[in-house]
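Contents: one structure, followed by commentary.
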There are 2 protein chains.
Amino acid sequence: MSSDVDDTKLRLLETAGTVFAEKGYRAATVREICQRASVNLAAVNYHFGDKERLYIESVKRAHFCRGQHVPPPSWPDGTAPEDKLRDVIRAILERMLAAPDTAWHGQLMMRELQQPTAACAELVRDYMRPHFDLIRSILVELLPDSIGDDKLRLIAFGIVGQCLHFRLGRAIIGMLTPPEEFRRYQAGYLAEHVASWTLAAVDGLRLRAEQGVDR
Amino acid sequence: MSSDVDDTKLRLLETAGTVFAEKGYRAATVREICQRASVNLAAVNYHFGDKERLYIESVKRAHFCRGQHVPPPSWPDGTAPEDKLRDVIRAILERMLAAPDTAWHGQLMMRELQQPTAACAELVRDYMRPHFDLIRSILVELLPDSIGDDKLRLIAFGIVGQCLHFRLGRAIIGMLTPPEEFRRYQAGYLAEHVASWTLAAVDGLRLRAEQGVDR
DNA sequence: CGCCGAATCATACAATTGTTTGAAACAAGT
DNA sequence: ACTTGTTTCAAACAATTGTATGATTCGGCG
């Protein structure tokens with residue numbers, strides 16, 4: 001319970017995150033993690049119980065750290081929903097495109113997305129669900145009341161999907177984009193595009209609603 | 001060298017592809033592959049040498065098979081770009097969300113994209129680039145001329161990103177969606193949403209252009 | 001039939017890996 | 001100084017996994 005304990009536990013968590021991100025859950029061995037963290041092999045089972053729990057905790061910590069880095073925005077009452085949308089999209093993208101020294105957070109997330117493990121459930125509950133609900137609440141302010149809950153969800157998924165693609169598909173996007181333009185693909189630039197494109201769709205939907213066109 | 005040999009060898013290749021796609025290289029065991037393929041454990045070493053060779057061969061075969069059903073959609077002259085957009089989005093989603101027994105090609109591909117290798121370049125050139133250019137050409141028809149090439153690319157990335165998310169993020173989306181609604185998340189339903197949402201944004205952009213608003 | 005090469009099979013082996021164990025080191029309270 | 005509870009350590013254990021082996025079966029050919 002001393003600071004020593006927290007030290008090894010933390011070092012273990014941090015190291016585990018990088019190794020899991022690098023090799024995946026199965027290919028990562030507790031032996032390598034412990035060796036890299038300079039702790040005894042038994043430390044994993046002592047502090048976390050088993051490998052899976054270590055993985056879950058390291059994933060949770062990765063997202064916690066990421067969340068600390070770019071805190072969720074909070075607006076004064078009466079802030080225009082358009083501004084909120086811009087802010088929240090920018091926050092998401094900034095978190096995703098963070099500095100490379102914390103890039104393993106993103107790698108871990110990518111692995112979780114593709115092959116969800118037990119860590120996924122906790123991750124969704126503690127971290128993704130709140131963000132998702134935030135986006136939906138902003139969309140409610142933006143869109144006509146006639147929009148159903150199902151549509152709202154799809155739109156929110158679309159926003160998240162676009163942001164994710166700029167992170168996960170970064171390598172491919174780099175191959176499909178001229179270098180001088182790809183260099184501009186920073187969080188602010190991309191966020192501005194996603195937000196304004198979304199708001200254009202909102203305008204388009206309003207237009208249709210006003211004109212009574214349902215398609 | 002009889003047809004018997006080719007049979008077991010082929011069944012092994014096919015089964016290996018699905019298992020590798022499902023679990024990844026490391027987590028997939030030759031025992032499970034052989035069991036599912038109903039061949040003896042030693043068959044892998046006999047026919048392919050070792051596990052890695054089997055993996056390489058199954059990936060090559062997956063790419064070969066995928067190349068067979070990538071018929072670029074072709075429309076009669078004068079087809080409305082809106083319809084083209086719907087078709088192409090639906091085609092992408094259908095390929096991504098195909099039945100698991102034929103979708104493992106794509107899963108393997110996604111897995112390779114995650115860890116970009118030399119094969120990634122070929123993959124982009126043969127598979128992603130054509131689709132990407134097709135989407136862009138449709139967007140050119142849809143959008144005002146004032147739209148720049150850079151914007152066009154971002155919009156196309158957005159469409160692809162949304163589709164990809166419904167495939168890669170499927171597990172997490174399932175956790176954020178009521179079951180009775182998630183059950184409706186089939187290719188047609190999702191494609192209709194992505195297309196109509198994109199077209200709404202197109203309308204919104206046109207509206208702004210007409211009104212001279214640049215934001 | 002008798003033989004031979006290819007293919008399949010059950011089984012064994014060696015290496016790796018997650019986990020456990022029991023002792024030792026350590027810190028802190030009394 | 002002694003005790004107590006916590007943490008670290010080296011070693012071992014049991015299960016899994018890739019691979020190798022030797023016997024067996026099968027199909028065709030002289």
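By convention in this document, chain letters (A, B, ...) are assigned in the order of the sequence lines, proteins followed by strands, and residues within each chain are numbered from 1.
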Is there a side-chain polar atom (N or O) of A:His47 under 4.0 Å from OP1 or OP2 of D:dT8? yes
Does the side chain of B:Thr8 get closer than 4.0 angstrom to OP1 or OP2 of C:dT8 through an N or O atom? yes
For B:Phe157, does its backbone N or O pair with a side-chain atom of A:His165 as donor and acceptor, under 3.5 Å? yes
For B:Thr177 and B:Gly174, indicate whether the former's side chain and the latter's backbone hold a donor-acceptor pair under 3.5 Å. no
Over 60° means perpendicular and under 30° means parallel, so classify the ring planes of B:Tyr185 and B:Phe166, tilted if in between. perpendicular
Grab the [atom1]-[atom2] distance between [X] and [N] for me, whole Å please.
{"X": "A:Phe20", "N": "C:dT17", "atom1": "CZ", "atom2": "P", "answer": "13 Å"}
{"X": "A:Tyr46", "N": "C:dG22", "atom1": "OH", "atom2": "C1'", "answer": "14 Å"}
{"X": "A:Gln35", "N": "D:dA10", "atom1": "CD", "atom2": "P", "answer": "12 Å"}
{"X": "A:Leu54", "N": "C:dG18", "atom1": "CG", "atom2": "C1'", "answer": "12 Å"}

In B/S/- notation (B base, S sugar-phosphate only, - none; protein heavy atoms under 4.0 Å), nucleotides 11-23 of chain D written 5' to 3' is -B----BBBBB--
With no hydrogens and no angle check, do the side chains of B:Asp87 and B:Trp75 hold a donor and an acceptor under 3.5 Å apart? yes
Which residue pairs pass the side chain to side chain donor-acceptor pair (under 3.5 Å) test with at least one member in residues 26-40 of chain B, sequence neighbours excluded? B:Glu22-B:Arg36, B:Lys23-B:Glu32, B:Glu32-B:Arg36
Among all residues two or more places apart in sequence or in another chain, which pass the side-chain hydrogen bond (donor to acceptor under 3.5 Å, both in side chains) test with A:Arg167? none
